[in-house]
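What you see is a predicted model, and the numbers here were worked out from it, not measured in a lab. Letters go in sequence order (proteins before strands), and every chain restarts at 1.
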Amino acid sequence: DQQVKQNSPSLSVQEGRISILNCDYTNSMFDYFLWYKKYPAEGPTFLISISSIKDKNEDGRFTVFLNKSAKHLSLHIVPSQPGDSAVYFCAARPKGGKLIFGQGTELSVKP
Amino acid sequence: DVKVTQSSRYLVKRTGEKVFLECVQDMDHENMFWYRQDPGLGLRLIYFSYDVKMKEKGDIPEGYSVSREKKERFSLILESASTNQTSMYLCATRTPGQLGSYEQYFGPGTRLTVT
């Protein structure tokens, strides 16, 4: 049973435009959400996070939105750059539990 | 900066071999994790350790064991490698003490191929 789902395996965006990566979850007990970015042949690196008590967190070009009623999380990248091309994983943590990762979305930003 | 290193970047082993994957961290973190990453399946937790000599099964522990004799080192063992264990293996660490922070720090990964 996949508790954290990223339904789009890939996304292609033009440089300078907005990239929107989506993540859905089923467990209302998740209290913390994170996004990781992974380049080929490297480990994932932490990008941005949000607590369940917030609905938005912004860090430079990256903004994460949380819609608790819809159990939906999204990552916005504005403006997108070719260096943003990577696989993006969302992850969620149930209170007191371990991170649960989604399947990943491969973002390709074309010049 | 947290540094997590893994003993090999690429490894090729034969079916039935015993395989050791090592992970070392330099930040005195209590928690360490082993994941495997497969296309379409994301990161799946194999085993984790809260502290030295403490270990717990993750979501897919079958065919694997772990060892944590020292705080900085966490080893993943494939008792008898099989072709379905061909995967990218990722080690991660975190410290549970940071308030509001649940991020994990990952090593570069080991691409294991079992033939």
Does NZ belonging to A/K68 count more than 12 external heavy atoms closer than 6.0 Å?
yes
I'd like to know if B/L21 and B/I77 are part of one continuous hydrophobic network [Ile/Leu/Val/Met/Phe/Trp/Tyr, side-chain heavy atoms within less than 4.5 Å].
no
With hydrophobic residues grouped by side-chain heavy-atom distances under 4.5 Å, do A/V87 and B/L41 end up in a single group?
no
Less than 4.5 Å to any heavy atom of chain B: does that hold for the side chain of A/P9, its backbone, both, or neither?
neither
Measure B/Q37 against the heavy atoms of chain A and call it side chain, backbone, both or neither at under 4.5 Å.
side chain
Need one label for B/R9: side chain, backbone, both or neither, based on atoms under 4.5 Å from any heavy atom in chain A.
side chain
In one Ile/Leu/Val/Met/Phe/Trp/Tyr side-chain cluster, 4.5 Å: B/Y50, A/L99
yes
Locate the shortest heavy-atom distance separating B/L43 from A/P44; write the atom from each residue and the value.
CD2-CG, 4.2 Å
Whether over 12 other heavy atoms sit under 6.0 Å from A/R17 CZ:
no
What's the separation between atom NZ in A/K98 and atom CG in B/N31, rounded to the nearest 0.5 Å?
10.5 Å
Is there a path of hydrophobic side-chain contacts, each under 4.5 Å between heavy atoms, that joins A/I48 and A/I100?
yes
Are B/I46 and B/F74 connected in a single hydrophobic cluster, I mean Ile/Leu/Val/Met/Phe/Trp/Tyr linked by side-chain heavy atoms less than 4.5 Å apart?
yes
Distance, nearest 0.5 Å, that separates OH of B/Y35 from CZ of A/F101:
4.5 Å
If you compare all heavy atoms of A/L34 against all heavy atoms of B/E103, which two are closest, and at what distance to 0.1 Å?
CD2-CA, 3.6 Å
Where on A/A41 is there a heavy atom nearer than 4.5 Å to chain B: the side chain, the backbone, both, or neither?
both
Structural part of A/Y36 lying under 4.5 Å from a heavy atom of chain B
side chain
From A/K38 atom NZ to B/M88 atom CE, the distance as rounded to the nearest 0.5 Å
4.5 Å
